[in-house]
Every structure is written in C-alpha cells, then in structure tokens.
Amino acid sequence: MPDTILTSSGETPSASSDLSSSSRTICRVCQKQFSLYTCPRCNTRYCSLQCYKSHSLRCTESFMRENVMGELQLSQSDDQSKKKMVDILKRLHTEDEMESMDDDEPDFSLSEATIEKVLSGSDISIDDLSVEEQKRYRKAIASGELSKLIEPWEPWWTKPSAKYISLGLDGTQLVQPLSSEKQQEVDVLQDIPAGPESPLPSVSKLSASAPSPLLAVHLVDIVYSYCFTLRIYNGDWKSDPSGSAMVLLSLSHVLGQAAAQPETILEALSYCLEQTCSPPFRHMGGPQFGFRLMEDVIELFNLGGSALVCLLCDMQNLLQSAVEELKSDSKQQCKSEKLDMKKKLRLAERKVYYMMCWVHDQIGEVWSSIAAIVNVEKSQTMGYVGNGTSFRKEEKTESAGKPFIKEIR
C-alpha cells in the first residue's frame with residue numbers, strides 16, 4: 001500500500017488505482033488530496049487534522065461548546081463531579097479573561113470554595129463571600145458590570161401579542177383546546193398575565209353604594225405603580241412577593257392609604273412622579289424613568305379593558321402571594337407589625353378586586369380617552385421639569401364631584 005495519496009493533479013495512476021479513486025471524494029478544504037474523514041457536525045469531507053481545524057472555526061467552536069454544556073448537564077452532585085465542575089468553570093473563566101484583556105473592567109472571579117457552595121444549591125449572601133470577594137462584588141455593582149449579566153426584560157404590554165388579549169363576556173380568560181393549530185398562538189400569549197378564573201360580578205353586587213366618580217383617576221395611580229414595581233423587579237415579582245408588595249404600596253397613594261388621595265389625573269401622575277424621584281427610588285433614573293412609566297400607562301390604557309383586567313388580576317396574585325409569604329415567614333418579627341402589614345395587603349387586594357370588576361363594567365371607548373389625557377398631562381409635566389418648575393397641583397373645580405367617566409365620553 002503506498003504511503004503517499006494520489007491527487008487529482010498527480011501522475012496517471014494504474015488501472016486499479018483509477019478504478020478505486022473514481023468512487024472517492026476530493027478534500028473539500030485543501031482541494032488537493034482525497035478525503036478520508038467526515039466532520040460529525042456539518043458532514044464536510046476532509047483529509048487531515050489540519051484541514052479539520054481550518055474547515056470551519058464556528059463549527060468546531062460550537063461543537064466544543066455543546067460538549068462542555070453536555071458535561072455540565074450530566075454532572076452529578078458527588079465530590080468528583082463537583083471538582084470536575086469547578087475545573088470547567090475555572091477554565092472557562094480563564095479563557096474569558098484572556099480574550100478580554102481589559103484591565104479597566106472589574107475582576108469578579110469567585111474562589112473555589114464559593115463556587116462549590118453555589119453548586120451545592122445553598123443560598124449565598126454577601127456575608128458568605130470573603131473580604132476580597134466582597135470588594136470585587138461592590139466594585140462590579142458600582143461599575144455596572146453585573147447589570148450586563150441580567151437579560152433586559154421586555155414588558156408584556158409592549159409586545160405585539162398584547163394587542164390580541166381577549167376575555168370572555170364574564171371577564172374570565174378564554175379556555176381553548178391545545179390543538180396543534182392553536183399551539184403557536186398559545187406560545188405567543190404565554191407571557192401575558194392570565195385573566196380571572198371566576199366570573200367577575202358587577203360592582204353593584206359588591207356594594208350598595210354607587211362607585212366613586214374618581215375611580216378612573218385612582219386607576220391611573222394603580223397602573224403606574226404596577227409598571228413601576230415590575231420594572232424594579234425586572235418583571236419577576238414572584239422572586240420576592242412581599243418585597244414587591246411593599247414597593248407597590250409605598251408608591252401608590254391609593255393602595256397605600258395615603259392621607260391625600262388624587263382627585264385628578266394630573267395629581268395622580270404628580271404624586272407618582274414625586275415618589276419615583278424620592279431618595280429610595282432615585283437611582284432608577286429620576287424624572288426620565290417616571291416619564292417612561294407614564295408611557296407605559298398610556299400603552300396599557302390604549303390596549304383596552306381586557307389588558308387592564310389582566311393587569312389587575314396579576315396585581316391581585318402579587319398581593320395574595322405576599323400575604324402567604326408573610327404567614328410562612330419564620331423570621332423574628334414583631335407580631336403587631338406583621339398583623340398590620342397583612343391588614344394593609346388584604347385591604348389593597350380588595351381594592352384591586354373591586355377595581356377589576358369596575359373596569360370590566362366600563363365601555364371600551366373610555367380607555368383610549370383616558371390614555372389621551374395622560375399623554376397631555378405627561379407632555380405638560382415634562383415641560384415643567386424642563387423649566388425647573390415644581391409639579392403643579394390642579395385646582396379643585398366645581399365639577400370635581402361629577403362622574404369622571406361621563407365627562408370624557
């Protein structure tokens with residue numbers, strides 16, 4: 001058997017060699033020698049290791065990355081697997097550092113002991129980090145490096161699928177069979193909060209007294225506070241129901257039982273904007289963040305009553321989860337404080353449910369009118385902030401007692 005491989009440009013081979021070479025394929029990389037191997041990923045024919053390495057850098061890197069991820073998924077919780085996992089993480093981290101070669105970026109590598117704690121499934125707090133790790137952690141926070149690790153959240157009301165939210169005549173979510181034809185539609189709407197599971201009664205059945213004429217104004221306050229809370233928690237209030245509920249109640253004058261309740265849309269927006277710019281939340285962006293939230297309010301009202309019902313249903317679930325979390329909380333806390341907090345949460349939940357029933361009773365045209373008013377007030381407020389003027393409070397008029405819904409129809 002000859003050591004050298006005949007090429008297509010070589011000397012004329014013998015008859016037997018010519019017969020065997022007719023069924024062989026030229027290397028797709030160098031185009032000189034006959035191929036001996038096939039790439040297991042892209043089926044490219046090649047003749048040598050050098051051609052394999054150069055045939056597709058993206059293919060080889062992707063193949064190696066999938067092998068690494070496969071090892072990570074198959075690794076077990078025993079000591080040998082943990083050590084193997086630590087070695088993989090260290091190697092990947094070292095490769096990332098060599099690629100970046102940027103001395104200005106903070107070094108936030110973790111020690112082997114800390115990585116093993118993470119792999120064991122234990123909760124890690126800042127107190128579990130070493131002094132050096134705490135310094136690097138705070139430096140990474142200050143530089144904004146950690147924020148790059150968080151995938152930006154897209155609010156559900158900004159997605160195209162939000163325009164197709166539909167509820168039943170009784171306000172409940174529509175139940176459809178999960179056939180193959182409907183699966184794509186279900187996948188599109190899966191990020192939208194589900195509507196109520198039980199029919200919504202009319203507000204006349206909930207209370208003998210007539211609804212307040214200021215409910216539309218209070219709804220603006222509630223919607224703004226909801227958007228604020230979800231943006232603060234990157235859309236995941238379930239990670240901390242009680243903390244999310246505290247943020248919601250601290251921002252909303254209506255749900256937080258503030259002494260001064262808004263009587264106009266301008267007042268509702270002004271109160272919310274002042275809270276947004278207050279010291280506890282100023283780091284989120286101040287007035288510009290507040291104006292972004294006003295745009296959220298406008299988008300939600302333009303989506304109509306079904307979207308608002310889904311929003312309020314999601315808020316009700318948030319408050320209920322916060323109550324349940326307080327019940328199961330084993331931390332040492334003053335019993336009177338815990339009871340007081342549960343009382344506030346339950347009262348807020350009842351208000352949200354009443355508002356949900358009221359929204360379901362209203363005609364569809366009213367929401368776009370409220371969105372238009374919010375847009376006008378937003379533009380005026382941006383002018384006041386740009387001129388350095390304090391937020392003005394609209395003077396009370398004799399029409400303050402007139403039902404708001406009738407005024408804007």
Side-chain angles (χ1 to χ4, degrees), residues 153 155-158 162 193 212 214-235 237 243-258 260-278 280-305 307-319 348-349 351-352 354-356 358-359 362 366-382 384-385 391-394 404 408:
W153 173 66
W156 59 264
W157 55 87
T158 63
S212 169
L214 300 177
L215 285 180
V217 175
H218 293 178
L219 181 61
V220 172
D221 170 280
I222 292 174
V223 172
Y224 182 105
S225 303
Y226 172 85
C227 297
F228 180 94
T229 303
L230 260 64
R231 286 193 177 273
I232 284 284
Y233 280 87
N234 206 40
W237 62 259
S244 301
M246 294 305 100
V247 171
L248 183 67
L249 297 186
S250 64
L251 195 83
S252 172
H253 277 59
V254 176
L255 300 179
Q257 294 297 299
Q261 294 288 300
E263 298 185 6
T264 65
I265 288 182
L266 179 58
E267 283 187 356
L269 295 175
S270 298
Y271 290 149
C272 290
L273 191 57
E274 286 174 356
Q275 286 296 102
T276 305
C277 299
S278 62
F281 305 118
R282 190 180 300 160
H283 66 282
M284 292 301 299
Q288 295 305 319
F289 180 53
F291 296 142
R292 169 66 264 190
L293 292 168
M294 291 183 190
E295 294 177 7
D296 290 336
V297 174
I298 295 171
E299 289 186 63
L300 279 160
F301 274 97
N302 278 326
L303 289 176
L308 293 172
V309 168
C310 290
L311 178 152
L312 293 168
C313 186
D314 191 38
M315 185 181 295
Q316 184 186 32
N317 293 332
L318 186 160
L319 295 169
E349 182 202 342
K351 283 190 174 184
V352 169
Y354 183 90
M355 185 69 75
M356 185 163 37
W358 177 81
V359 168
Q362 306 307 311
V366 69
W367 309 123
S368 58
S369 300
I370 296 178
I373 296 176
V374 173
N375 190 33
V376 171
E377 300 295 4
K378 168 181 168 288
S379 301
Q380 293 182 358
T381 306
M382 291 179 67
Y384 298 139
V385 174
F391 307 131
R392 71 180 176 93
K393 301 291 188 296
E394 195 175 43
F404 185 80
I408 63 176

Test item: [X] and [Y] side chains (from C-beta on) under 4.5 Å apart, heavy atoms:
X	Y	answer
Y226	W157	yes
L273	M294	yes
D296	Y224	no
L215	Y354	yes

N/O donor-acceptor pair under 3.5 Å between [X] side chain and [Y] backbone:
X	Y	value
N234	L230	no
T158	P155	yes
Y233	G243	yes
E267	E263	yes
Q261	H253	yes
K351	V254	yes

Minimum-distance pair of heavy atoms, taken over all atoms of [X] and [Y]:
X	Y	result
A307	W156	O-CH2, 3.7 Å
I222	S252	CG1-OG, 4.5 Å
L269	E377	CD1-CB, 3.7 Å
T276	G286	CG2-O, 3.9 Å
A216	I370	CB-CD1, 3.9 Å
D314	P193	CB-CB, 3.8 Å

I need the [X] [atom1] to [Y] [atom2] distance, nearest 0.5 Å.
X	Y	atom1	atom2	value
L311	C227	CG	SG	6.5 Å
D221	C272	CG	SG	4.5 Å
I298	I373	CD1	CD1	11.5 Å
M356	Q316	CE	CD	4.0 Å
C310	L300	SG	CG	10.5 Å
L318	C313	CG	SG	11.5 Å

Go through the steps for V220 and F301 under the test side chain to side chain contact (heavy atoms under 4.5 Å, CB included), then give the verdict. CA-CA 9 Å; V220 172; F301 274 97; 4.0 Å; yes
Can you list the steps and then say if S368 with N302 is a side-chain hydrogen bond (donor to acceptor under 3.5 Å, both in side chains)? CA-CA 5 Å; S368 58; N302 278 326; 5.6 Å; no
Basic-acidic side-chain contact under 4.0 Å: R292, E299: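 Counted as a salt bridge, because a side-chain N and a carboxylate O are separated by less than 4.0 Å.
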State yes or no: are the ring centers of F228 and F281 separated by less than 6.0 Å?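 Yes, ring centres under 6.0 Å apart.
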Tell me whether the rings of W367 and W358 are parallel (<30°), tilted (30 to 60°) or perpendicular (>60°).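 The rings of W367 and W358 stand perpendicular, inter-plane angle above 60°.
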Under the criterion side chain to side chain contact (heavy atoms under 4.5 Å, CB included), I'd like the reasoning laid out for T229 against L251: C-alpha separation, chi angles, the key distance, then a yes or no. CA-CA 9 Å; T229 303; L251 195 83; 5.8 Å; no
